[in-house]
Amino acid sequence: MILDSFKLTGKVAVVTGCNTGLGQAIAIALAEAGCHVVGINRSAPDGTIDKMKEGGYRFLDLRADLLNQTQIPNLIKQAIDEFGRIDILVNNAGIIRREDAIDFAEQDWDDVMDVNAKTAFFMSQAVAKQLIKQGEGGKIINIASMLSFQGGIRVPSYTASKSALMGLTRAMANEWAIHNINVNSIAPGYMETNNTAALREDAERNQAILARIPAQRWGKPVDVAGPCVFLASEAASYMHGYTIAVDGGWLAR
Ligand code: NAP
(Lines give C-alpha, C1' and ligand atoms only; values in the text may rest on other atoms or scores of the structure.)
Protein backbone atom coordinates (compact mmCIF):
# COMPACT_ATOMS: atom_id res chain seq x y z
CA MET A 1 0.00 0.00 0.00
CA ILE A 2 1.40 3.40 -0.97
CA LEU A 3 0.63 5.03 2.40
CA ASP A 4 2.87 2.47 4.13
CA SER A 5 5.86 3.99 2.32
CA PHE A 6 5.29 7.25 4.23
CA LYS A 7 5.48 5.54 7.66
CA LEU A 8 8.61 6.03 9.77
CA THR A 9 7.93 3.36 12.40
CA GLY A 10 11.02 2.70 14.55
CA LYS A 11 13.29 5.09 12.63
CA VAL A 12 15.71 7.30 14.58
CA ALA A 13 15.69 10.98 13.59
CA VAL A 14 18.16 13.65 14.74
CA VAL A 15 16.73 17.18 14.60
CA THR A 16 18.84 20.27 15.41
CA GLY A 17 17.19 23.35 16.94
CA CYS A 18 13.86 21.75 17.89
CA ASN A 19 13.01 23.75 21.02
CA THR A 20 10.87 26.14 18.99
CA GLY A 21 9.68 27.16 15.51
CA LEU A 22 10.05 24.94 12.46
CA GLY A 23 12.34 22.47 14.23
CA GLN A 24 9.76 21.82 16.94
CA ALA A 25 7.00 21.18 14.38
CA ILE A 26 9.34 18.87 12.42
CA ALA A 27 10.42 16.90 15.52
CA ILE A 28 6.82 16.36 16.61
CA ALA A 29 5.70 15.37 13.09
CA LEU A 30 8.55 12.86 12.78
CA ALA A 31 7.57 11.37 16.16
CA GLU A 32 3.92 11.18 15.09
CA ALA A 33 5.06 9.36 11.93
CA GLY A 34 6.83 6.75 14.09
CA CYS A 35 10.34 8.07 14.81
CA HIS A 36 12.35 8.14 18.00
CA VAL A 37 13.74 11.67 18.04
CA VAL A 38 17.13 13.00 19.15
CA GLY A 39 16.88 16.77 19.71
CA ILE A 40 20.07 18.83 19.68
CA ASN A 41 19.50 22.23 21.27
CA ARG A 42 21.38 24.99 23.02
CA SER A 43 18.21 26.07 24.93
CA ALA A 44 16.11 23.69 27.03
CA PRO A 45 13.44 22.23 24.72
CA ASP A 46 10.77 22.22 27.44
CA GLY A 47 7.75 22.67 25.16
CA THR A 48 8.98 19.93 22.83
CA ILE A 49 9.60 17.55 25.75
CA ASP A 50 6.04 18.17 27.02
CA LYS A 51 4.57 17.41 23.60
CA MET A 52 6.70 14.26 23.23
CA LYS A 53 5.53 13.08 26.66
CA GLU A 54 1.88 13.80 25.79
CA GLY A 55 2.18 11.69 22.65
CA GLY A 56 4.12 8.91 24.42
CA TYR A 57 7.08 9.33 22.05
CA ARG A 58 10.74 8.61 22.86
CA PHE A 59 12.86 11.78 22.84
CA LEU A 60 16.56 12.14 23.69
CA ASP A 61 17.39 15.67 24.85
CA LEU A 62 20.99 16.58 23.88
CA ARG A 63 22.52 20.03 24.40
CA ALA A 64 25.16 21.72 22.27
CA ASP A 65 26.09 25.09 20.87
CA LEU A 66 26.18 24.48 17.11
CA LEU A 67 28.19 27.65 16.50
CA ASN A 68 31.15 25.27 16.39
CA GLN A 69 31.56 21.66 15.37
CA THR A 70 33.62 20.29 18.26
CA GLN A 71 30.74 18.44 19.92
CA ILE A 72 29.49 16.61 16.83
CA PRO A 73 31.29 13.26 17.44
CA ASN A 74 30.05 13.15 21.03
CA LEU A 75 26.47 13.99 19.97
CA ILE A 76 26.44 11.17 17.41
CA LYS A 77 27.85 8.76 20.01
CA GLN A 78 25.14 9.68 22.55
CA ALA A 79 22.40 9.18 19.95
CA ILE A 80 23.75 5.73 19.07
CA ASP A 81 24.25 4.78 22.72
CA GLU A 82 20.55 5.53 23.31
CA PHE A 83 18.90 4.19 20.16
CA GLY A 84 21.55 1.98 18.51
CA ARG A 85 21.34 3.68 15.12
CA ILE A 86 20.47 6.84 13.17
CA ASP A 87 18.24 6.91 10.06
CA ILE A 88 17.35 10.56 9.51
CA LEU A 89 19.08 13.91 10.09
CA VAL A 90 17.29 17.25 9.86
CA ASN A 91 19.72 20.21 9.82
CA ASN A 92 17.27 22.83 11.03
CA ALA A 93 19.19 25.05 13.50
CA GLY A 94 19.87 28.42 11.94
CA ILE A 95 20.43 32.09 12.71
CA ILE A 96 20.03 35.38 10.87
CA ARG A 97 21.72 38.79 11.34
CA ARG A 98 20.30 41.93 9.74
CA GLU A 99 22.43 44.87 8.57
CA ASP A 100 23.05 46.70 5.30
CA ALA A 101 25.68 44.91 3.21
CA ILE A 102 27.77 48.09 3.25
CA ASP A 103 28.08 47.99 7.06
CA PHE A 104 28.01 44.22 7.61
CA ALA A 105 30.41 43.01 10.34
CA GLU A 106 32.79 40.07 9.98
CA GLN A 107 31.47 38.45 13.17
CA ASP A 108 27.93 38.46 11.76
CA TRP A 109 29.29 36.85 8.61
CA ASP A 110 31.22 34.14 10.49
CA ASP A 111 28.51 33.25 13.03
CA VAL A 112 25.79 32.80 10.42
CA MET A 113 28.00 30.86 8.03
CA ASP A 114 29.22 28.65 10.90
CA VAL A 115 25.78 27.62 12.19
CA ASN A 116 23.85 27.54 8.91
CA ALA A 117 26.40 26.06 6.53
CA LYS A 118 29.54 24.70 8.26
CA THR A 119 27.80 22.88 11.12
CA ALA A 120 25.11 21.55 8.75
CA PHE A 121 27.86 20.13 6.52
CA PHE A 122 29.85 18.48 9.32
CA MET A 123 26.69 17.12 10.99
CA SER A 124 25.76 15.61 7.62
CA GLN A 125 29.25 14.17 7.18
CA ALA A 126 29.17 12.56 10.65
CA VAL A 127 25.69 11.10 10.14
CA ALA A 128 26.55 9.91 6.61
CA LYS A 129 29.54 7.98 8.02
CA GLN A 130 27.17 6.24 10.45
CA LEU A 131 24.60 5.56 7.70
CA ILE A 132 27.28 4.04 5.47
CA LYS A 133 28.45 1.87 8.39
CA GLN A 134 24.87 0.69 9.00
CA GLY A 135 24.55 -0.15 5.28
CA GLU A 136 20.81 0.53 4.98
CA GLY A 137 20.77 4.06 3.56
CA GLY A 138 19.12 7.04 5.22
CA LYS A 139 17.83 10.57 4.79
CA ILE A 140 19.44 13.97 5.30
CA ILE A 141 17.15 16.99 5.11
CA ASN A 142 18.49 20.53 5.21
CA ILE A 143 16.32 23.52 6.01
CA ALA A 144 17.24 26.01 3.32
CA SER A 145 15.36 29.26 2.50
CA MET A 146 13.91 31.50 -0.18
CA LEU A 147 17.38 33.05 0.05
CA SER A 148 18.84 29.88 -1.40
CA PHE A 149 17.21 31.23 -4.59
CA GLN A 150 17.06 34.99 -4.07
CA GLY A 151 19.30 37.79 -2.79
CA GLY A 152 17.23 39.07 0.12
CA ILE A 153 17.49 42.45 1.82
CA ARG A 154 20.02 43.32 4.57
CA VAL A 155 20.94 39.68 5.31
CA PRO A 156 24.07 38.98 3.21
CA SER A 157 25.55 36.22 5.39
CA TYR A 158 22.16 34.50 5.65
CA THR A 159 21.81 34.56 1.85
CA ALA A 160 25.36 33.24 1.47
CA SER A 161 24.76 30.45 4.01
CA LYS A 162 21.43 29.31 2.58
CA SER A 163 22.71 29.46 -1.00
CA ALA A 164 25.67 27.36 0.17
CA LEU A 165 23.30 24.91 1.83
CA MET A 166 21.39 24.34 -1.42
CA GLY A 167 24.69 23.76 -3.23
CA LEU A 168 25.90 21.42 -0.50
CA THR A 169 22.61 19.51 -0.73
CA ARG A 170 23.45 18.73 -4.35
CA ALA A 171 27.13 18.03 -3.64
CA MET A 172 26.39 15.59 -0.79
CA ALA A 173 23.55 13.95 -2.74
CA ASN A 174 25.90 13.30 -5.66
CA GLU A 175 28.43 11.50 -3.49
CA TRP A 176 26.12 9.59 -1.18
CA ALA A 177 23.25 8.50 -3.46
CA ILE A 178 25.29 5.34 -4.17
CA HIS A 179 24.85 4.45 -0.48
CA ASN A 180 21.04 4.93 -0.66
CA ILE A 181 21.37 8.16 1.28
CA ASN A 182 18.93 10.80 0.07
CA VAL A 183 20.07 14.38 0.69
CA ASN A 184 17.40 16.99 -0.02
CA SER A 185 16.31 20.38 1.31
CA ILE A 186 13.16 22.23 2.21
CA ALA A 187 13.13 25.95 1.45
CA PRO A 188 10.46 27.51 3.67
CA GLY A 189 8.93 30.80 2.61
CA TYR A 190 8.00 33.45 5.17
CA MET A 191 7.02 31.54 8.32
CA GLU A 192 5.75 32.75 11.70
CA THR A 193 8.72 32.02 14.02
CA ASN A 194 11.30 33.92 16.11
CA ASN A 195 13.46 34.16 12.97
CA THR A 196 10.95 36.52 11.31
CA ALA A 197 9.63 38.39 14.37
CA ALA A 198 11.44 41.60 13.34
CA LEU A 199 9.87 41.50 9.86
CA ARG A 200 6.36 40.95 11.20
CA GLU A 201 6.78 43.81 13.70
CA ASP A 202 7.73 46.19 10.85
CA ALA A 203 4.27 47.15 9.50
CA GLU A 204 5.61 48.23 6.10
CA ARG A 205 7.73 45.09 5.50
CA ASN A 206 4.93 42.88 6.83
CA GLN A 207 2.45 44.37 4.37
CA ALA A 208 4.90 44.16 1.44
CA ILE A 209 5.63 40.49 2.20
CA LEU A 210 1.97 39.53 2.58
CA ALA A 211 1.05 41.35 -0.66
CA ARG A 212 3.57 39.19 -2.57
CA ILE A 213 2.54 35.78 -1.17
CA PRO A 214 -0.10 34.14 -3.42
CA ALA A 215 -1.51 32.24 -0.41
CA GLN A 216 -1.89 35.66 1.31
CA ARG A 217 -0.71 34.45 4.70
CA TRP A 218 2.51 33.77 6.59
CA GLY A 219 3.41 30.09 6.79
CA LYS A 220 2.97 28.21 10.05
CA PRO A 221 5.63 25.82 11.39
CA VAL A 222 3.32 22.86 10.75
CA ASP A 223 3.32 23.73 7.02
CA VAL A 224 6.84 22.26 6.70
CA ALA A 225 6.00 19.12 8.70
CA GLY A 226 4.33 17.11 5.90
CA PRO A 227 7.05 17.80 3.31
CA CYS A 228 9.68 16.84 5.91
CA VAL A 229 7.98 13.54 6.77
CA PHE A 230 7.73 12.84 3.02
CA LEU A 231 11.45 13.51 2.43
CA ALA A 232 12.31 11.35 5.47
CA SER A 233 10.26 8.43 4.11
CA GLU A 234 10.71 5.65 1.57
CA ALA A 235 8.20 7.52 -0.62
CA ALA A 236 11.03 9.97 -1.46
CA SER A 237 13.70 7.33 -2.14
CA TYR A 238 14.45 8.42 -5.72
CA MET A 239 14.80 12.12 -4.81
CA HIS A 240 18.40 13.26 -4.58
CA GLY A 241 19.80 16.77 -4.25
CA TYR A 242 16.54 18.67 -4.65
CA THR A 243 15.29 21.70 -2.73
CA ILE A 244 11.51 21.85 -2.28
CA ALA A 245 9.98 25.29 -1.74
CA VAL A 246 7.21 25.42 0.87
CA ASP A 247 6.40 29.07 0.41
CA GLY A 248 2.72 29.81 -0.21
CA GLY A 249 3.65 30.35 -3.85
CA TRP A 250 6.31 33.06 -3.25
CA LEU A 251 8.76 31.68 -5.83
CA ALA A 252 6.03 31.01 -8.36
CA ARG A 253 5.33 34.73 -8.79
P1 NAP B 1 13.87 30.06 15.24
O2 NAP B 1 12.55 29.98 15.91
O3 NAP B 1 14.78 31.20 15.49
O4 NAP B 1 14.64 28.67 15.47
C5 NAP B 1 15.99 28.50 15.18
C6 NAP B 1 16.49 27.28 15.92
O7 NAP B 1 17.92 27.15 15.73
C8 NAP B 1 16.28 27.41 17.43
O9 NAP B 1 16.02 26.15 17.96
C10 NAP B 1 17.63 27.92 17.89
O11 NAP B 1 17.91 27.72 19.23
C12 NAP B 1 18.53 27.06 17.01
N13 NAP B 1 19.89 27.58 17.02
C14 NAP B 1 20.32 28.75 16.56
N15 NAP B 1 21.64 28.88 16.81
C16 NAP B 1 22.04 27.75 17.45
C17 NAP B 1 23.27 27.31 17.98
N18 NAP B 1 24.37 28.05 17.93
N19 NAP B 1 23.31 26.09 18.57
C20 NAP B 1 22.20 25.32 18.65
N21 NAP B 1 21.00 25.71 18.18
C22 NAP B 1 20.91 26.91 17.58
O23 NAP B 1 13.64 30.10 13.68
P24 NAP B 1 12.93 29.11 12.65
O25 NAP B 1 12.26 29.97 11.70
O26 NAP B 1 12.17 28.01 13.32
O27 NAP B 1 14.24 28.55 11.95
C28 NAP B 1 14.46 27.17 11.68
C29 NAP B 1 15.23 27.05 10.38
O30 NAP B 1 14.38 27.48 9.30
C31 NAP B 1 16.48 27.93 10.30
O32 NAP B 1 17.52 27.27 9.64
C33 NAP B 1 16.00 29.12 9.48
O34 NAP B 1 17.06 29.76 8.81
C35 NAP B 1 15.07 28.40 8.51
N36 NAP B 1 14.10 29.26 7.82
C37 NAP B 1 13.16 29.97 8.51
C38 NAP B 1 12.26 30.75 7.79
C39 NAP B 1 11.19 31.56 8.45
O40 NAP B 1 10.50 32.30 7.75
N41 NAP B 1 10.98 31.44 9.74
C42 NAP B 1 12.33 30.81 6.40
C43 NAP B 1 13.29 30.08 5.75
C44 NAP B 1 14.16 29.30 6.46
P45 NAP B 1 17.58 28.92 20.30
O46 NAP B 1 16.10 28.92 20.48
O47 NAP B 1 18.34 28.52 21.48
O48 NAP B 1 18.07 30.20 19.67
Side-chain angles (χ1 to χ4, degrees), residues 14-29 37-49 61-72 75 89-98 107-108 110-124 140-150 152-153 155-166 168-169 185-202 205-206 209-210 212-213 215 217-225 227-228 243-248 250-251:
V14 176
V15 184
T16 65
C18 65
N19 58 311
T20 182
L22 306 188
Q24 185 180 63
I26 287 168
I28 291 161
V37 176
V38 180
I40 302 179
N41 290 289
R42 65 176 170 183
S43 309
D46 295 337
T48 306
I49 290 173
D61 172 19
L62 300 183
R63 300 294 166 79
D65 185 346
L66 298 175
L67 198 53
N68 62 63
Q69 297 76 44
T70 51
Q71 296 174 68
I72 291 175
L75 293 165
L89 167 66
V90 183
N91 284 308
N92 168 78
I95 54 173
I96 193 163
R97 301 273 166 81
R98 298 176 200 281
Q107 194 67 55
D108 288 333
D110 287 343
D111 289 353
V112 173
M113 290 297 285
D114 281 346
V115 177
N116 296 8
K118 188 172 178 182
T119 295
F121 174 73
F122 284 103
M123 277 295 299
S124 301
I140 297 175
I141 300 156
N142 298 312
I143 303 304
S145 168
M146 291 296 93
L147 301 192
S148 302
F149 301 94
Q150 301 178 311
I153 301 170
V155 288
S157 61
Y158 188 80
T159 305
S161 69
K162 295 296 183 175
S163 298
L165 196 54
M166 187 164 77
L168 283 170
T169 298
S185 289
I186 292 171
Y190 286 81
M191 318 296 285
E192 283 174 9
T193 68
N194 300 336
N195 175 296
T196 54
L199 291 181
R200 279 174 289 116
E201 280 158 19
D202 179 336
R205 282 297 303 282
N206 187 36
I209 287 166
L210 276 176
R212 197 193 177 285
I213 301 174
R217 67 170 177 86
W218 284 76
K220 303 214 175 290
V222 74
D223 288 320
V224 299
C228 192
T243 298
I244 301 180
V246 180
D247 65 350
W250 177 274
L251 285 183

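Atoms within a ligand are numbered from 1 in the order they appear, just like the ligands themselves. Throughout, numbering of the chain's residues begins at 1 and tracks the sequence.
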In terms of residue, atom name and distance, what is the protein heavy atom nearest to [atom]?
atom: atom 19 (N) of ligand 1; value: Leu66 N, 2.8 Å
atom: atom 23 (O) of ligand 1; value: Asn195 CB, 3.3 Å
atom: atom 5 (C) of ligand 1; value: Gly94 O, 3.6 Å
atom: atom 38 (C) of ligand 1; value: Gly189 O, 4.0 Å
atom: atom 29 (C) of ligand 1; value: Asn92 O, 3.1 Å
atom: atom 8 (C) of ligand 1; value: Asn19 OD1, 3.5 Å
atom: atom 41 (N) of ligand 1; value: Thr193 OG1, 2.9 Å
atom: atom 6 (C) of ligand 1; value: Gly17 O, 3.9 Å

Return all side-chain donor-acceptor pairs below 3.5 angstrom for residues 187-194, not counting sequence neighbours, or 'none' if the list is empty.
| from | atom 1 | to | atom 2 | distance (Å) |
| --- | --- | --- | --- | --- |
| Glu192 | OE1 | Lys220 | NZ | 3.2 |
| Thr193 | OG1 | Asn195 | N | 3.2 |

Counting each atom of ligand 1 from 1 as listed, which ones have a heavy atom of [X] under 4.0 Å away?
X: Asn194; result: 2 (O), 3 (O)
X: Leu22; result: 25 (O), 26 (O), 30 (O), 37 (C)
X: Pro188; result: 42 (C), 43 (C), 44 (C)
X: Ile143; result: 29 (C), 30 (O), 35 (C)
X: Ala144; result: 43 (C), 44 (C)
X: Ile95; result: 14 (C), 15 (N)
X: Thr196; result: 39 (C), 40 (O), 41 (N)
X: Tyr190; result: 40 (O)

Compare every heavy atom of [Y] with every heavy atom of [X], then report the nearest pair and how far apart it is.
X: Ser157; Y: Met113; value: O-SD, 3.8 Å
X: Ala144; Y: Thr243; value: CB-CG2, 4.2 Å
X: Cys18; Y: Thr48; value: O-OG1, 2.6 Å
X: Asn19; Y: Ser43; value: ND2-CB, 3.6 Å
X: Gly21; Y: Pro221; value: O-CB, 3.7 Å

Could you measure the distance from the CD atom of Gln24 to the CD1 atom of Ile49? Nearest 0.5 Å is fine.
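It comes to 10.5 Å.
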
Determine, step by step, whether Arg42 and Val115 satisfy the side-chain contact (heavy atoms from CB on, under 4.5 Å) criterion, reporting the C-alpha distance in whole Å, the side-chain angles of both residues, the deciding distance to 0.1 Å, and the verdict.
CA-CA 12 Å; Arg42 65 176 170 183; Val115 177; over 6 Å; no

Is it the side chain (CB and beyond), the backbone, both or neither of Lys162 that lies under 4.0 Å from ligand 1, heavy atoms counted?
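Answer for Lys162: side chain.
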
Check salt bridge (charged side-chain N to carboxylate O under 4.0 Å, His left out) between Arg212 and all other residues, then give those that pass, not counting sequence neighbours.
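None.
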
Has ligand 1 got any nitrogen or oxygen that is less than 3.5 angstrom from a nitrogen or oxygen of Asn41?
no

Taking the non-hydrogen atoms of Trp218, is any one of them nearer than 4.0 angstrom to ligand 1?
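No, Trp218 has no heavy atom closer than 4.0 Å to ligand 1.
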
So, 4.0 Å and heavy atoms of Ala64: is ligand 1 close enough to count as a contact?
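Checking ligand 1 against Ala64, which is what was asked, there is a heavy-atom contact under 4.0 Å.
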
Could you go step by step and tell me if Phe149 and Asp247 meet the side-chain contact (heavy atoms from CB on, under 4.5 Å) rule?
CA-CA 12 Å; Phe149 301 94; Asp247 65 350; over 6 Å; no

Name the option, out of Gly23, Ser43, Ala93, that contains the heavy atom nearest to atom 13 (N) of ligand 1.
Ala93

Lys/Arg-Asp/Glu bridge criterion (N-O < 4.0 Å) met for Arg98, Asp202:
no

Would Ile96 and Val112 satisfy side-chain contact (heavy atoms from CB on, under 4.5 Å), going step by step from the backbone distance to the final call?
CA-CA 6 Å; Ile96 193 163; Val112 173; 5.9 Å; no

Output yes when a side-chain donor or acceptor of Thr16 lies under 3.5 Å from a complementary backbone atom of Ala93, and no otherwise.
yes

